Amino acid sequence: MQKTAHSYLRAIAIAESVTVFIAPLPGIILYALMIPLLLIQFTRSSQTSPFRLLPALVLLPILRILSLTMPTQMIPITYWPILIGIPLLAGILLTIRLVGPSIGMQLRDIPIQLVIGAAGIPLSLLAYHAARFSQREIYLPDSLTGLVILLIFSGLVEELLFRGVLLDVARDVYGPGAIVYSTILYAIMCLGTFSISLVVVVGLSGFVGAWCTQRTHSLLGAMLLRTCFLSGLIAIWPAIYGV
Amino acid sequence: MSLINSFTVTTLESLSYAVLSTTVGVVSVLLLIGLLTWREIVNVAGGQHRQIWKRGLDIAIVPLLLVFGMIVVNRLLELTR
């Protein structure tokens, strides 16, 4: 099963690279071809636990297809995360119904979860400098409403997908190494930031969130981390540095 | 960062709706039609794994149907303007 998981990781990396660096159409075609392949392989398998990864991986092609096909042009950019996040959330919930990951928001190891959450602030400073160093524009919401929408529909939905679903099902295949697998997938899907240093920092934040989720069996710390990370990157550091 | 990033914002802002709907839009609609057809075939064919098939297909079908619904609403709004 590890070989299959590796193959799909490579396929997703190729499809995302083609979409971002060459042209959206061929990349989306690759993603669209991947969906039936994943579902056929899952259904032909015995649906034993290592194969739970396959339907969960369907969510990544869906994520990219949604973000490029949703008719957002007539709607202010502030509300785009809602438009894209709600259908993706529906897909995530349907995946949980099928593969039943044991994600949760258990209130245990609270000090660790708070510390991990707070780690989002220094990580966001790194990301802020990485973005400035690479002279890449980051999408910045122009209002508090925009920030809250981004936090809920982009940040938290991403956490549910990468640290909630994918990390859990990848554990069946890789054991503790699932942290690395889900982090690499997350970093690949962030290639669209066009900044290697930013992808590395975002990947690092994903790794810390995944470690926290694995350690505490709760998404709370990872979600706090994402909230602090995005708030720092979008609101706190630009306000402090004035850019 | 993965949902909305520089690439998605630049692409959606730089390409017109007409261009997007006739390129990536067509692929997603074809994918949706294919998956819906597949689901109906599974439904009719039966078999012991029918429920698993349907639930697996729903993971892709439901988000794509929501997008399709938004596209239809968007078109209707455009026509009424």
Side-chain angles (χ1 to χ4, degrees), chain A residues 19-20 24-25 28-29 32 35-36 39 42-43 47 54-56 58-59 61-74 77 80-81 83-88 90-91 94-95 97-98 136-139 150 153-155 157-158 161-162 186 189-195 198 202 230, chain B residues 1-32 34-35 38-39 42 47-78 81:
Chain A
T19 309
V20 172
L25 183 60
I28 292 297
I29 291 172
I35 292 173
L39 291 174
F42 171 66
T43 318
Q47 290 106 37
L54 300 173
V58 169
L59 292 168
I62 288 293
L63 183 157
R64 189 52 67 233
I65 291 171
L66 288 176
S67 66
L68 289 180
T69 53
M70 187 57 91
T72 47
Q73 284 78 358
M74 286 172 68
I77 194 167
W80 288 10
L83 282 179
I84 302 166
I86 287 177
L88 183 64
L94 288 165
T95 309
R97 186 182 68 158
L98 178 65
R136 287 291 174 187
E137 291 271 326
I138 304 171
Y139 161 59
L150 190 73
F153 288 96
S154 182
V157 170
E158 276 181 1
L161 169 58
F162 290 98
Y186 183 53
M189 297 312 287
C190 294
L191 283 177
T193 55
F194 294 118
S195 161
L198 192 54
V202 170
L230 286 175
Chain B
M1 283 283 167
S2 61
L3 222 63
I4 307 277
N5 53 40
S6 305
F7 164 71
T8 51
V9 173
T10 312
T11 307
L12 293 172
E13 283 184 340
S14 62
L15 296 177
S16 70
Y17 180 64
V19 171
L20 276 173
S21 60
T22 52
T23 53
V24 289
V26 170
V27 176
S28 64
V29 170
L30 287 175
L31 177 65
L32 177 60
L35 293 172
W38 189 358
R39 196 180 190 281
V42 167
Q48 58 175 4
H49 295 312
R50 184 172 67 172
Q51 204 57 29
I52 298 288
W53 269 113
K54 282 167 69 176
R55 286 188 172 186
L57 287 163
D58 283 348
I59 294 170
I61 288 172
V62 171
L64 290 173
L65 269 179
L66 289 170
V67 175
F68 185 71
M70 274 303 297
I71 291 170
V72 171
V73 170
N74 198 40
R75 285 285 184 198
L76 286 174
L77 286 174
E78 266 184 353
R81 279 183 183 182

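Residue numbering restarts at 1 for every chain, and letters A, B, ... go by the order of the sequence lines. These numbers come from a predicted model, not from an experiment.
- Here the straight-line distance linking atom CG of A:Leu83 with atom CG of B:Asn74 works out to 9.5 Å at 0.5 Å rounding.
- Heavy-atom distances place the side chain of B:Val27, and not its backbone, under 4.5 Å from chain A.
- A:Trp80 is not listed as a side-chain neighbour of B:Thr8, based on a closest heavy-atom distance of 4.5 Å or more.
- Between B:Val67 and A:Leu66 the shortest side-chain heavy-atom distance falls below 4.5 Å.
- Of the atoms belonging to A:Phe153, it is backbone heavy atoms, and not side-chain ones, that fall under 4.5 Å from chain B.
- Across A:Arg97 and B:Asp58, no two heavy atoms sit closer than the pair NH2-OD2, 3.6 Å.
- To the nearest 0.5 Å, atom CD of residue A:Glu158 and atom CD1 of residue B:Ile4 are 9.5 Å apart.
- Here the side chains of A:Leu68 and B:Phe7 are in contact, with some heavy-atom distance below 4.5 Å.
- Closest of all the heavy-atom pairs between B:Leu66 and A:Ala90 is CD1-CB, 4.1 Å.
- Atoms CG and CD1, on A:Leu39 and B:Ile52 in that order, are 11.5 Å from each other to the nearest 0.5 Å.
- With values rounded to the nearest 0.5 angstrom, A:Thr69 atom OG1 is found 11.0 Å from B:Met70 atom CE.
- Interface remark: A:Pro36 contributes backbone and side-chain atoms alike to the contact with chain B (heavy atom separation under 4.5 Å).
- The part of B:Thr11 that comes within reach of chain A is its side chain, from C-beta onward, which places non-hydrogen atoms under 4.5 angstrom from that chain.
- Both the backbone and the side chain of A:Ile29 come within contact range of chain B, judged by heavy atoms closer than 4.5 Å.
- The structure places OG of B:Ser28 at 10.0 Å from CE of A:Met70, a figure rounded to the nearest 0.5 Å.
- A heavy-atom distance below 4.5 Å is not found between the side chains of B:Ile59 and A:Ile62.
- The CD1 atom of A:Ile65 sits 10.5 Å away from the CG atom of B:Leu32 when rounded to the nearest 0.5 Å.
- For B:Leu20, the part lying near chain A is the side chain, with the backbone staying farther off; criterion is any non-hydrogen pair under 4.5 Å.
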